[in-house]
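Only this structure's heavy atoms are used, side chains among them; waters, hydrogens and symmetry mates stay out. We name chains A, B, ... by the order of the sequence lines, and we start the count at 1 in each one.
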Amino acid sequence: MKRRLPRRSIPVVLLILYVALLIAWAYTARGEGGEPRYFAVKNARIVPVSGPLIENGTVVIANGLIQAVGTNVAIPPEAWVIDGAGLTVYPGLIDAGTNIGLAQDDDGKKPGRTSGAAGPEDRPATTPWRVAADELKTDDKRIESWRNAGFTTALMVPEGGIFPGQATLIDLGGERPGDYVVRPRASVPVSFKPVGGFFGFPDSLMGTIAYVRQVLDDTAWYTQAEPIYQANPTKTERVRYDRTEYVLSRALQNNEIVLLPANNSIQIVRAIRLADEWKVRAVLYGGQQGYEVAAALAASKIPVLVNLKWPERAKDGDPDAEQNLRELRFRDRAPGTPAALAKGDVKFALYSGGLDGPKDIFKNLKRATDAGLSSDAALRAMTLDAADILGLSDRLGSIAPGKIANLVVTDGDIFNEKTKVKHVFVDGRWFEIHEEATPEKPGEKKPEADDAAESRQAQGVEGVGR
Amino acid sequence: MKRATLCAAALLFAACVPVATRAQNPGTVFIQNATVLTVTHGDIEHGSILIRDGKIALVGADLKAPEGAAIIDATGQYVMPGIIDCHSHIAVDGSVNEAGPAVSSMANIADVLNPDDINIYRDLAGGVTTANILHGSANPIGGQTIVIKLRWGKPASELPFQGALPGIKFALGENPKHSNFEPPPGVQPRYPATRLGVEEVIRQAFIEAREYKKQWDDYNQRKAAGERNLIPPRRDVRLDPLVEVMEGKRYVHAHCYRADEILMLIRVANEFGFKVRTFQHVLEGYKIADEIAATGAGGSTFSDWWAYKMEAFDAIPYNAALMADRGVIVSVNSDDAQEARQLNQEAAKSMKNGGLSANDALKLITLNPAIQLGIDARAGSIDVGKDADLAIYNHDPLSVYAVVQKTLIDGQVYFDRQRDIAGRATLAAEKQALLDKEKKAAEAKKAEENPEKKPEPKPDKKKKPPQDGGGAVASGVAGGAL
């Protein structure tokens, strides 16, 4: 039965309504980008990577950037504060090569029956104008899965073809796809995988290398010819427009990184030579037999992205097939590569390659640390060195004022399998980590993304003004 | 004494002695008491070879080992120049054919040398020290080629035979016209499909190369004259090597079989002003030996393969001897990693088939291929000043009983039969250990992936109500408990 409110309670009701409206507005505003922009993690163990360990320190995040870090840091009054007692703060991990966030299609990956190309002029499997940023799928469940494990940043590398497109460095969180993008054109990946098929060019490794050489020559020519034509249009024949040359010319003039494939020692030595011949700012990817040629790599000063998907015996191979000793050695020693590179003063980062999920990443990383890579070096490879190799160490890879606020807060050593990630900050956005109800398996559907507002509500965060 | 103490202190006692002797006279090797088959100036019984810094310093019967030289005692053994295989496809990473375009001269074997190819070592064990690594024969004009020394264990950058001119592979006949296979359904056959087409493709390519060279010459001239705002011609990685051919900076090694196509290529080469350096296979070379000899081209052939395809039906095992008889520089090649291990026997066959002398037979795999590859100032015979690339056999190398004991390149032992035999057990043990380790890891992984399998019975079984006899027993127990 309804009962009329007494007159004197009307102001109270109005007040309650007002407050309710305020709260509703606050929530709506948050959903539209009005989320908190100030955070502080206090009393925490802080591993800045760029400097010595800080016990009982505080990190202050303001508007997406790290504002301050240290033991004697003022917490701004508007900050949401996390008590970091018993917690450790690391810079967000960087996966230096993955296809998360990219649509998984077979387009161009498998060599067709024929590429249909008669020669380099037909530009087989060449689409350097594709930029991964433009194809980012923020609903890829793996983004959350990576983030929950402590990754805040990833180099998203397009696949399929000799020049598949340009890789994008993304942060693993944001409201809209554009928020994720740290550098849209972060590198030009190259593959030496023949694509020709039957009668199509190129159908051999040497043909593919020759093709890349021709494309780079053409690009250099375009870079030289185009301005001459523009300055003398009445005296010079017009320069033919070629999309590949146009795009690569700009990329290389911007000193964009060229990612060259090189996994075994022969490929590495070859890639060093090609990088020198081609005069590009090269970074090698693969690198798994780097333990054999660390000295050559160090001398070349070319950094390496090491694929954490260590070589394994072919799963469906003939079990009775004679095993090649060199392959056996490679499979045994590949996880020793990061340690060998660290020892040999080769700058390197690590990437997940084709690994299914963070669980496998850390499992395989453990094989590297078991093989002699110190956790300090591992952390560096996955943070500051990765940022450095990608030319973004001014804004990523360590906990220092001015850097992008990409942080992982854990309850222990980040590489210990028992450690749990408690909070992740991506571009100063706070993500609380829920433990997954079921153990994660490759291909299995992961739990839905947190409702950010709800999770924040549920957290023991000392929200200012509450 | 002092040195010995030092070594002991460094716990390197075992290594101390050989290191010390080598250090006194580094790079000096003395092969003694062998039958030396010089190829150029006869055989020397009880002869010796002194090697300094990778070069042959002295050859003779009355040499004494200098103090400190590393001694190789070859008593009762035969030393011959390292074998040169003028047609090989070993040490290549990936396909040896860029078979898409009919002119694949942009592809370069030098880009894909694979120093890890076990065939390098196996061919060393057959006395081979130098090989001409060729692109395959899928195209009228194939890829760029390179001469390497089989320096097993060295990186790719140290394999090339320094100073040897690079080459390019041409191919005539059935292979480039794709006679012996069909494209899969839906794929168009490639041009050319006839010998006429093969000729046309080669001519067309050189017409383009000539035009390309002219563009560059014009550009360079105008630029030198001070003209400004010139746009240079595009560099064409396909035509560059053809220009080098016309400029005599790159050898043509042409795969061929039939006399008519060989004459065709000679005419085309004359038209564009280049020379064919070697005709490879050249199985009908005996029919036109005079014409080949007149161009100065070499013939690099098989000993006794024939009739394995239509264009090989007129091949005869006398080809090498007959061509040599008419003044062609002839070599016998392997075209095969396995065959390369017995090139000594392949050469010996021409003594029976054609009556070559023992020395002329040896030339087929030493001096003659060296001449064909333009490296005869450095290799191909045992002469003072040449590279110390040598093969040491236990018997006369032209005997079927001959087995290589040691192979040297630049005076360094790259293959040693005794060392190989001694090392086999170690390698086998290493391999077994790695296999065991891998097996163990795989088992551990399996156990980790299915840990619940053993202890826990399947949950649905628990829920199942007892239905049959077995169940009755179970329910009986339960009933008892109740």
Side-chain angles (χ1 to χ4, degrees), chain A residues 113-121 124 192 194 196-211 213-214 217-218 220-222 224-226 228-229 231-232 235-237 239 264-267 269-270 272-274 277 293 296 312-313 323-329 331-333, chain B residues 92-118 135-136 138 143-144 155-157 178 183-191 228-238 240 427-428 430-431 433-435 437-438 441-442 445 448:
Chain A
R113 180 173 278 171
T114 171
S115 70
E121 63 280 7
F192 291 152
F198 217 89
F199 297 159
F201 174 81
D203 67 355
S204 67
L205 174 63
M206 58 181 158
T208 312
I209 293 173
Y211 173 63
R213 177 178 288 127
Q214 180 69 66
D217 276 339
D218 285 346
W221 178 86
Y222 182 86
Q224 181 185 2
E226 174 67 12
I228 298 177
Y229 166 69
N232 307 276
K235 293 187 185 116
T236 313
E237 209 178 337
V239 170
N264 69 34
S265 57
I266 290 151
Q267 293 163 342
V269 170
R270 178 187 300 141
I272 292 172
R273 183 177 63 74
L274 292 175
E277 178 197 324
V293 286
E312 284 179 357
R313 194 170 180 162
Q323 294 293 308
N324 175 313
L325 177 58
R326 189 154 167 71
E327 287 297 315
L328 279 166
R329 282 178 183 157
R331 293 204 292 266
D332 185 51
R333 297 177 195 171
Chain B
V92 174
D93 214 354
S95 170
V96 298
N97 269 306
E98 172 51 53
V103 177
S104 66
S105 40
M106 72 289 275
N108 191 347
I109 292 284
D111 278 334
V112 290
L113 282 178
N114 175 6
D116 267 1
D117 182 0
I118 192 65
H135 181 282
Q144 302 163 50
S157 59
H178 289 178
V187 175
Q188 286 293 310
R190 189 191 72 179
Y191 179 81
R228 292 173 62 192
N229 296 324
L230 281 176
I231 293 179
R234 281 169 183 268
R235 187 185 161 207
D236 189 326
V237 294
R238 194 173 58 106
D240 277 341
L427 289 176
E430 183 192 353
K431 187 170 176 177
L434 286 169
L435 282 169
K437 193 174 170 187
E438 207 165 64
K445 199 179 165 194
E448 189 190 327

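- When side chains are defined from C-beta on, A:Asn232 does not count as touching B:Arg228, because their heavy atoms never get closer than 4.5 Å.
- The CG atom of A:Leu328 lies 5.0 Å from the CG atom of B:Leu435; values are rounded to the nearest 0.5 Å.
- Atoms CG and CD, from B:Leu434 and A:Glu327 in turn, are 12.0 Å apart once rounded to the nearest 0.5 Å.
- Both the backbone and the side chain of A:Tyr229 have a heavy atom closer than 4.5 Å to some heavy atom of chain B.
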A:Arg213 vs B:Asp111, test: side-chain contact (heavy atoms from CB on, under 4.5 Å). Steps then yes/no. CA-CA 11 Å; A:Arg213 177 178 288 127; B:Asp111 278 334; 2.7 Å; yes

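- For the set B:Gly143, B:Pro155, B:Pro183, the entry with the most heavy-atom pairs within less than 4.5 Å of chain A is B:Pro183.
- The candidate with the highest count of non-hydrogen atom pairs below 4.5 Å against chain A, out of B:Ile109, B:Leu113, B:Val112, is B:Val112.
- With hydrogens and angles disregarded, no donor-acceptor distance shorter than 3.5 Å links the side chain of B:Glu98 to the backbone of A:Leu205.
- Contact count versus chain A (heavy atoms, under 4.5 Å) is highest, among B:Asn97, B:Val96, B:Asp116, for B:Asp116.
- Taking chain B as the reference chain and counting heavy-atom pairs below 4.5 Å, the highest number among A:Thr208, A:Ile228, A:Leu274 is found for A:Ile228.
- Contact count against chain B (heavy-atom pairs under 4.5 Å) is highest for A:Arg329 among A:Glu277, A:Glu121, A:Lys235, A:Arg329.
- Of the two parts of B:Ala156, neither the backbone nor the side chain holds a non-hydrogen atom closer than 4.5 Å to a non-hydrogen atom of chain A.
- Between B:His135 and A:Met206 the shortest side-chain heavy-atom distance falls below 4.5 Å.
- Between chain A and the residues B:Gly94, B:Pro115, B:Ala102, the largest count of heavy-atom pairs under 4.5 Å involves B:Pro115.
- The choice from A:Ala117, A:Ala118, A:Gly116 that makes the most heavy-atom pairs within less than 4.5 Å of chain B is A:Ala118.
- Heavy-atom distances place the side chain of A:Asp217, and not its backbone, under 4.5 Å from chain B.
- Contact detail for B:Gly100 and A:Asp203: the closest heavy-atom pair is N-OD2, 3.6 Å.
- Ranked by heavy-atom pairs shorter than 4.5 Å toward chain A, the options B:Asn108, B:Asn114, B:Asp93, B:Val92 are led by B:Asp93.
- Of the listed residues (B:Ala138, B:Ser95, B:Ala441), the greatest number of heavy-atom pairs within a distance under 4.5 Å of chain A belongs to B:Ser95.
- Contacts between B:Ala110 and chain A at a heavy-atom distance below 4.5 Å involve the backbone alone (N, CA, C, O).
- Using a 4.5 Å heavy-atom threshold, the side chains of A:Thr236 and B:Asn229 count as separate.
- For A:Val293, no part lies under 4.5 angstrom from a heavy atom of chain B.
- Between A:Arg333 and B:Glu430 there is a salt bridge, since a side-chain N of the basic residue sits under 4.0 Å from a carboxylate O of the acidic one.
- A donor-acceptor pair is defined here as one N or O able to donate and one able to accept, closer than 3.5 Å; such a pair exists between the side chain of B:Lys431 and the backbone of A:Gln323.
- Interface check for chain B: of the options A:Ala225, A:Ala231, A:Ala220, the most heavy-atom pairs under 4.5 Å are formed by A:Ala225.
- At a threshold of 4.5 Å between non-hydrogen side-chain atoms, the residues B:Arg238 and A:Gln214 do not count as touching.
- In this structure, the side chain of A:Trp221 engages the main chain of B:Pro232 through a donor-acceptor pair within 3.5 Å.
- Looking at B:Glu438 and A:Asp332, their side chains never come closer than 4.5 Å, going by heavy atoms from C-beta outward.
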Chi angles and distances behind the side-chain contact (heavy atoms from CB on, under 4.5 Å) call for B:Gln188, A:Phe198: CA-CA 9 Å; B:Gln188 286 293 310; A:Phe198 217 89; over 6 Å; no

